[in-house]
*Asks:* 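Sharing a structure with you now.
Residue numbers start from 1 in every chain, and the chains themselves are labelled A, B, ... in the order their sequence lines are given, proteins ahead of strands.
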Amino acid sequence: MEKEVIVRFAPSPTGYLHIGGARTAIYNWLFAKKTGGRLILRIEDTDAERSTEESIQGIVDGLKWLGVTWDEDPYFQSKFIQEHIDAAQRLLESGHAYKCFCTKEELDQKREQARKEKGAIKYDGTCRNLTPEKIAVKEKSNLPYIIRLKVPNGEGAVSFRDEVYGLIEKKYKDIEDFVIVRSNGQPLYVLSNAVDDIRDGITHVIRGQDGLANTPKQLLIYNALGADVPKFAHMSLTLDSKKAKISKRRHGEIVAVHFYRERGFLPWAFVNFLVLLGWSTPESQQIFSKEELIDAFSLKGINKANSVFDVRKDDPKFFTDPKAISINAHYLRNLPVEEIEPYVKAEFEKAGIWDPEFEGEKHNWFLNTIDLIRNRFNFTTDFVTLGSAYFSDDFPIDPKALKKNILKHEGLKEWFPVLADRLEALQDFTMEETENVVRDMADEYEIKAGILINGARAAVTGQAVGPGIFDVLLAVGQDRVVERLRKAVTFFE
RNA sequence: GUCCCCAUCGUCUAGUCUGGUCCAGGACACAGGCCUUUCACGCCUGCGACAGGGGUUCAAAUCCCCUUGGGGACGCCA
C-alpha cells in the first residue's frame, strides 16, 4: 500500500501572508486533497527576533480566508528546539559533524577575501582538520564554537529527482561544511527544518524554488541521520514586472493577501488566479470549481519557469494584475447569487448600511437586485460604492453623469416632475407600464426617449451606467424613483 | 565571483519527455465590429511569440552544443 501523503506549509511569522506564501500553501493543500493526504501547518518561529504573534494571526487568517485548510493544530517549531539540538549532538557523536571554533570575524574576513579574489565563497575547513589534542585544548578553555556538518570529500555528488525540475545534482566540492548550530547553542533552519520534516513524516516537500539550493544540504542531513528522504517538488517563483522576486519589503501590500480581501476579491477567485501563476493543465483551463481544481491538480503541471505577477504601478486602469481582476469579475458575475450574498453582506456591514430586512422581508428583492447590478461589477466593494443607490437613499452622484445626462438637457428641469407625476400615478409599477410612460412622454414632448432614460438613470442611481432603466426603476421602487426624480430639478439650481 | 535553475504572444500559459497533425492553440489585456436607452456582459474579427547562432534529421518550438538574457542560492535569517 502507498504511504499516506503528508505535506506541510511552514511559514516563518515575520509579516503578513503574501502571495508567494499563499501560492505555496495552496499547492500543498491541493496536493493533500488530491492524494487524500494530510496538510500540516508548521509555524517556523525560531527566529525570536523577528517572529510576532500578530504575524502568526495574520497568516492563519489569510489561509482561512483563502479556504486553505490544514489537518491538525498548527505546530510551532520553537517547541522542538531540544530535538534539533539532540540531533546535532548525535551528528557530532557519529562523526558527521564537528565543532568549529573560528570566530565570526575570522569568517567574515575570509569571505570578504574570497569575494575580492573572485573565488568561491566557501568555508575552508580549518576546524575540520583539527587534531583531537587541539580540540581538547580549545574545549578546555571554553572557547565558543558552532557545529558544522561534515560534507563528504571527493568526487561524489548529492543528487535527487525533483518532481518539477527533474534530476538535480550538486557536487560535494561545491557544498561547504555548513553551520547547523549557532555558538549560542541554537539550531539553524537547515537543521531544524529537516529534523521536523523527519519527525512529522513529511512525504513531499513542496516549496519555492529558492529552497532548491538548500535541498542538497538537507539531503546530507537526512543521510547522516539515517532517515528516509521525502520527495521534493520545487515550485517556480513569482516575480514582479521587473523580474525580481516579490517580497513584502519591496512591494508592500500589493503582494499581501489581506489587501485583496479588502479590495473586494472573492477568496476562491483569488485562489483560482494564484494557482494559475505557474501551474496549468494540458487544456489550459482557466476557471475551476474547487472540486475541478483538486481533481485536475498535479505536480507535473507546475511550470519550471518563473512567472510574473503583472502589477503595473500607477496604472490608472488596473490596480493589480488584470487577469486577477478578470477572474474575480467572472466569479462575481457567474456564481449563484446566494454564494456571493455573504460577501456582499460583509461589505454592507463594513460600510454601516446593512439592513436586517435584506435577509428578512426584502430577501428576494435583495438577491434580485444583486443579480441585476453585478454584471457591471468587478469587486464585492462595488456594491457599496457604485451600487449604493439601490440600497440606500444616501448615495453620491457621479459628476460625469450629472453633466452628461442631466445638465446638458435644460428641458429635464421641466420633464423630471412630469415624469415623476406620471410614474406616481401608475397602478401597476411594472416594466411594461413604466416603459409605456416613458415612451409616450417622449413622443408627446417630441424628444428622444434616450434623454429621459439616461436622465432618469442619473437621477435615480447617480450613475451614467447601469442595467436597463426599467429594471432599475423596478429595483429602486416606485416611491423612491418618484422622489428622486422630483429632487433632481435641484441640480439645475 | 562560484554553484544551481530557467527561456513560446505585453502578461499567464498549451505544445517540448514520446521530432511531422504547429506558417504554434487558449486566457487576460489591447483594437475594431455586432447587440443596445447608457455602460457592461455576450458573440465575431483583428493585433501579437518559438531569445540568437550552430548542429543532428527527409523533417525541430520540440533532441544536442554554444552565446545571450533572466532568476535563485552562496548568513552563527527562515
*Asks:* Remember a base hit wins even if backbone is also touched, and classify A:Asn303 as base, sugar-phosphate or nothing at under 4.0 Å, heavy atoms.
*Replies:*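 If one applies the 4.0 Å heavy-atom cut-off, A:Asn303 turns out to touch the sugar-phosphate alone, with no base involved.
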*Asks:* Counting any heavy atom closer than 4.0 Å, what does A:Lys243 reach on the DNA or RNA strands: base, sugar-phosphate only, or nothing?
*Replies:*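 A:Lys243: backbone/sugar contact only, no base atoms under 4.0 Å.
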*Asks:* Is A:Thr14 close enough to B:rC77 that one of its side-chain N or O atoms is under 4.0 Å from OP1 or OP2 there?
*Replies:*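 Checking B:rC77 against A:Thr14, no side-chain N or O comes under 4.0 Å of OP1 or OP2.
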*Asks:* Is there a donor N/O on one and an acceptor N/O on the other, under 3.5 Å, for the side chain of A:Ser284 and the base of B:rG25?
*Replies:*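 Flag set: donor-acceptor pair detected.
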*Asks:* Do A:Arg333 side-chain and B:rC41 base share a donor-acceptor contact under 3.5 Å?
*Replies:*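 Counting by modelled atom types and ignoring angles, no donor-acceptor contact under 3.5 Å is found here.
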*Asks:* Taking any heavy-atom pair under 4.0 Å as a contact, classify A:Leu188: base, sugar-phosphate, or nothing.
*Replies:*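 Touches sugar-phosphate only.
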*Asks:* Quick check on RNA chain B: between A:Gly278 and A:Gly211, whose nearest nucleotide comes earlier from the 5' end?
*Replies:*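 Upstream on the strand: A:Gly278.
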*Asks:* Does a nitrogen or oxygen in the side chain of A:Lys317 sit under 4.0 Å from OP1 or OP2 of B:rC30?
*Replies:*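 Indeed, a polar side-chain atom of A:Lys317 lies that close.
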*Asks:* Quick one: which of B:rG75, B:rC28, B:rU37 gets closest to the side chain of A:Ile453?
*Replies:*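 Taking heavy atoms from C-beta onward, the closest nucleotide is B:rU37.
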*Asks:* Give one of base, sugar-phosphate or nothing for A:Asn375, where a contact means two heavy atoms less than 4.0 Å apart.
*Replies:*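 Result for A:Asn375 = base.
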*Asks:* For the residue pair A:Phe379 and A:Phe319, does the interplanar ring angle fall in the parallel (under 30°), tilted (30 to 60°) or perpendicular (over 60°) class?
*Replies:*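 A:Phe379 and A:Phe319: tilted rings.
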*Asks:* Taking the same atom, C1', in B:rC39 and in B:rA78, what whole-Å distance lies between them?
*Replies:*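 These two C1' atoms come out 49 Å apart once rounded.
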*Asks:* Can you check the distance between B:rA51 and B:rA7, where both ends of the measurement are the P atom (answer in whole Å)?
*Replies:*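 Comparing P positions in B:rA51 and B:rA7 gives a spacing of 9 Å.
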*Asks:* Please classify the nucleic acid contact of A:Ile168 as base, sugar-phosphate, or nothing, using heavy-atom distances under 4.0 Å.
*Replies:*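 Sugar-phosphate: the residue A:Ile168, judged by heavy atoms under 4.0 Å, touches backbone atoms but no base.
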*Asks:* What about A:Ser183, does its side chain sit under 3.5 Å from the base of B:rC76 through a donor-acceptor pair?
*Replies:*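 Under the 3.5 Å cut-off, the side chain and the base do form a donor-acceptor pair.
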*Asks:* Here's a test of your reading of the structure: between A:Asp108 and A:Asp310, which maps to the more 5' nucleotide of RNA chain B?
*Replies:*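 Checking each residue's closest nucleotide, the 5'-ward one belongs to A:Asp310.
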*Asks:* Select base, sugar-phosphate, or nothing to describe what A:Leu237 touches, counting heavy atoms under 4.0 Å on all strands.
*Replies:*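 Touches sugar-phosphate only.
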*Asks:* Please tell me which of the listed nucleotides, B:rA27, B:rA78, B:rC39, lies nearest to the side chain of A:Ser12?
*Replies:*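 Per side-chain heavy atoms of A:Ser12, the pick is B:rA78.
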*Asks:* Please confirm whether the backbone N or O of A:Gln186 pairs with a side-chain atom of A:Asn184, one donor and one acceptor, at under 3.5 Å?
*Replies:*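 Here the side-chain-to-backbone pair exists.
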*Asks:* Can you find a side chain N or O atom of A:Arg111 that sits less than 4.0 Å from OP1 or OP2 on B:rG75?
*Replies:*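 Checking B:rG75 against A:Arg111, a side-chain N or O does come within under 4.0 Å of OP1 or OP2.
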*Asks:* Between B:rC76, B:rC28, B:rC5, which nucleotide has the shortest distance from any of its atoms to the side chain of A:Tyr165?
*Replies:*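 The answer is B:rC5.
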*Asks:* May I ask you to decide if A:Ile287's main-chain N or O and A:Gln285's side chain share a donor-acceptor pair within less than 3.5 Å?
*Replies:*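 Checking the backbone N and O of A:Ile287 against the side chain of A:Gln285, a donor-acceptor pair under 3.5 Å is found.
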*Asks:* Pick base, sugar-phosphate or nothing for A:Ile146, based on heavy-atom distances below 4.0 Å to the nucleic acid.
*Replies:*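 It contacts base atoms.
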*Asks:* With respect to the side chain of A:Ser307, which nucleotide from B:rC30, B:rC28, B:rU13 is positioned closest?
*Replies:*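 The closest nucleotide is B:rU13.
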*Asks:* What contact category does A:Gln463 fall into here, base, sugar-phosphate, or nothing, at under 4.0 angstrom with non-hydrogen atoms?
*Replies:*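 Nothing, no nucleic acid heavy atom in range.
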*Asks:* Applying the ring pair (Phe, Tyr, Trp, His ring centres under 6.0 Å) criterion to A:Trp279, which one of A:Tyr27, A:Phe273, A:Phe297 satisfies it?
*Replies:*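 The ring pair (Phe, Tyr, Trp, His ring centres under 6.0 Å) with A:Trp279 is passed solely by A:Phe297 among A:Tyr27, A:Phe273, A:Phe297.
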*Asks:* Which of the following nucleotides, B:rG70, B:rU37, B:rG26, is nearest to the side chain of A:Gln286?
*Replies:*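 Minimum distance to the A:Gln286 side chain belongs to B:rG26.
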*Asks:* Send over the distance from A:Glu163 CD to B:rC5 C1', rounded to a whole Å.
*Replies:*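 That distance rounds to 17 Å.
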*Asks:* Answer yes or no: does a side-chain N or O of A:Ser280 lie under 4.0 Å from OP1 or OP2 of B:rA14?
*Replies:*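 Answer is yes, contact under 4.0 Å.
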*Asks:* Can you check whether A:Lys245 has a side-chain N or O nearer than 4.0 Å to OP1 or OP2 of B:rA73?
*Replies:*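 Looking at the OP1 and OP2 atoms of B:rA73, one of them is under 4.0 Å from a side-chain N or O of A:Lys245.
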*Asks:* Base, sugar-phosphate, or nothing: which does A:Phe309 touch, judged by heavy atoms less than 4.0 Å apart?
*Replies:*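 No contact at all - A:Phe309 keeps every heavy atom at 4.0 Å or more from the nucleic acid.
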*Asks:* Working note: A:Asn436 + A:Glu433, criterion side chain to side chain contact (heavy atoms under 4.5 Å, CB included); need CA distance, chi angles, decisive distance, verdict.
*Replies:* CA-CA 5 Å; A:Asn436 284 339; A:Glu433 293 297 312; 4.3 Å; yes
*Asks:* In this structure, how many angstroms lie between the C1' atom of B:rU38 and the NZ atom of A:Lys400, rounded?
*Replies:*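 Rounded to the whole Å, the gap is 14 Å.
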*Asks:* Is there a donor and acceptor pair, one atom on the side chain of A:Lys170 and one on the base of B:rC4, closer than 3.5 Å?
*Replies:*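 Counting by modelled atom types and ignoring angles, no donor-acceptor contact under 3.5 Å is found here.
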*Asks:* Say we look at B:rA24 and B:rC64: how far apart would their C1' atoms be, to the nearest angstrom?
*Replies:*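 One C1' to the other, the span is 23 Å.
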*Asks:* A:Gln285 near the nucleic acid: base, sugar-phosphate alone, or nothing, with a heavy-atom cut-off under 4.0 Å?
*Replies:*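 No contact at all - A:Gln285 keeps every heavy atom at 4.0 Å or more from the nucleic acid.
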*Asks:* Just say parallel, tilted or perpendicular for the rings of A:Phe383 and A:Phe377, cut-offs at 30° and 60°.
*Replies:*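 Ring orientation of A:Phe383 relative to A:Phe377: perpendicular.
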*Asks:* Please confirm whether the shortest side-chain N or O distance from A:Arg182 to OP1 or OP2 of B:rC77 is below 4.0 Å.
*Replies:*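 Yes.
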*Asks:* Please work out if A:Glu44 contacts a base, only the sugar-phosphate, or nothing of the nucleic acid, heavy-atom cut-off 4.0 Å.
*Replies:*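 Touches sugar-phosphate only.
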